[in-house]
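Following: one structure in structure tokens, then a few remarks.
Per chain, numbering begins at 1; letters A, B, ... match sequence-line order.
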Number of protein chains: 2
Amino acid sequence: MKALKDRIIADGVAIGTEIVKVDSFLNHQIDVALLDEIGQEFAKRFQGIEVSKILTVEASGIAIACTTAKYFGNIPVLFAKKASPNTMTEGFYSAKVKSFTKGTVSDVRVSKKFLVPGDRVLILDDFLAHGEAAFGMAELVRQANAELVGIGAVIEKQFQGGGKRLREKGFLVESLAVIESIQDGKINFLT
Amino acid sequence: MKALKDRIIADGVAIGTEIVKVDSFLNHQIDVALLDEIGQEFAKRFQGIEVSKILTVEASGIAIACTTAKYFGNIPVLFAKKASPNTMTEGFYSAKVKSFTKGTVSDVRVSKKFLVPGDRVLILDDFLAHGEAAFGMAELVRQANAELVGIGAVIEKQFQGGGKRLREKGFLVESLAVIESIQDGKINFLT
């Protein structure tokens with residue numbers, strides 16, 4: 001997706017060889033016009049696939065999921081929660097997700113009421129790095145006996161291997177910008 | 001906002017005298033069509049007020065802020081973060097926010113880069129209860145020497161006093177559904 005790559009080059013900040021910060025337009029401050037283009041692009045990438053629900057994880061995935069849902073005919077969005085608030089008192093599915101960026105392991109949870117057999121689930125997130133969040137969400141879908149029909153990431157950091165692992169498991173993975181490497185402050189995309 | 005009140009009556013779950021769960025359509029599973037109506041309604045309520053940026057706090061406010069931003073001409077959304085991820089290494093503004101629901105106090109932070117003097121900020125959130133989140137965000141706006149032009153909540157729990165405190169401080173507050181009381185599983189709206 002050219003507009004996205006151009007924006008990453010213009011406003012993304014490369015740190016070391018592993019991190020690219022996109023907090024000026026994607027996951028702290030959000031450019032909603034770009035977000036809309038991202039939603040349209042996901043709809044194009046997963047065209048022809050029946051999707052009944054979009055699953056993401058708080059917080060950065062929410063805006064992406066909601067904008068994309070419009071282009072799938074306003075299907076519901078479900079966002080997994082990272083902690084267990086007091087108000088989530090009923091049954092939930094749960095999976096562990098390690099964050100390499102934050103150095104933490106969290107429980108991601110969704111209420112059993114909102115992920116059910118028969119659901120055809122598209123997982124969306126901002127980054128696909130080591131794949132931990134996607135595997136965690138896939139586990140929630142498995143527990144619910146729902147069907148995982150695809151996984152979409154706005155930015156895939158190919159060199160961290162998550163996309164490869166997911167594709168090897170047979171999942172359909174679409175990433176709108178794929179970064180091959182980060183070197184000397186430069187972000188190199190897979191062409 | 002009638003469609004919202006109707007939905008709260010149909011699908012909201014009253015717990016005790018203080019909590020109303022709207023996790024089936026607003027803050028866990030999200031109905032994006034209703035969300036779009038919410039965005040349009042906020043634009044109507046704050047019509048004629050110049051807004052340059054929408055500020056919210058993760059996670060439940062993000063979808064609301066992004067959808068509303070479209071109806072303000074695609075202005076940027078900024079969502080305050082509740083913890084300090086390793087990637088937020090540069091300067092930030094910070095305020096304490098107590099959550100009565102979760103029984104916790106968190107730090108909410110925004111990068112200094114994205115909230116600046118001259119910004120005309122509209123604060124949006126899902127709930128306005130005791131007003132802690134709104135006062136925390138107002139404090140971030142104050143630290144940035146930006147201008148707070150309005151505060152919008154999807155659901156105000158009037159009996160918890162946050163709206164009153166904010167209005168007494170001179171802030172313009174608009175709530176799309178105002179709950180007067182919750183009794184015996186019944187949600188009573190202010191007419």
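With a 4.5 Å cut-off on non-hydrogen atoms, Ser24(B) touches chain A through its backbone and its side chain both. Residue Leu115(B) does not touch chain A at all, counting heavy-atom pairs closer than 4.5 Å. Looking at Leu55(A), neither its backbone nor its side chain comes within 4.5 Å of chain B, counting heavy atoms on both sides.
Cation-pi geometry between Lys157(A) and Phe127(A) is met: under 6.0 angstrom from the ring centre, within 45 degrees of the axis.
Side-chain contact, Lys164(B) with Gln158(B): no donor N or O sits under 3.5 Å from an acceptor N or O. Between the side chains of Asp36(B) and Thr67(B), not a single donor N or O lies within less than 3.5 Å of an accepting N or O. Checking Ser94(B) against Asp107(B) by side-chain atom types alone, a donor-acceptor pair falls below 3.5 Å.
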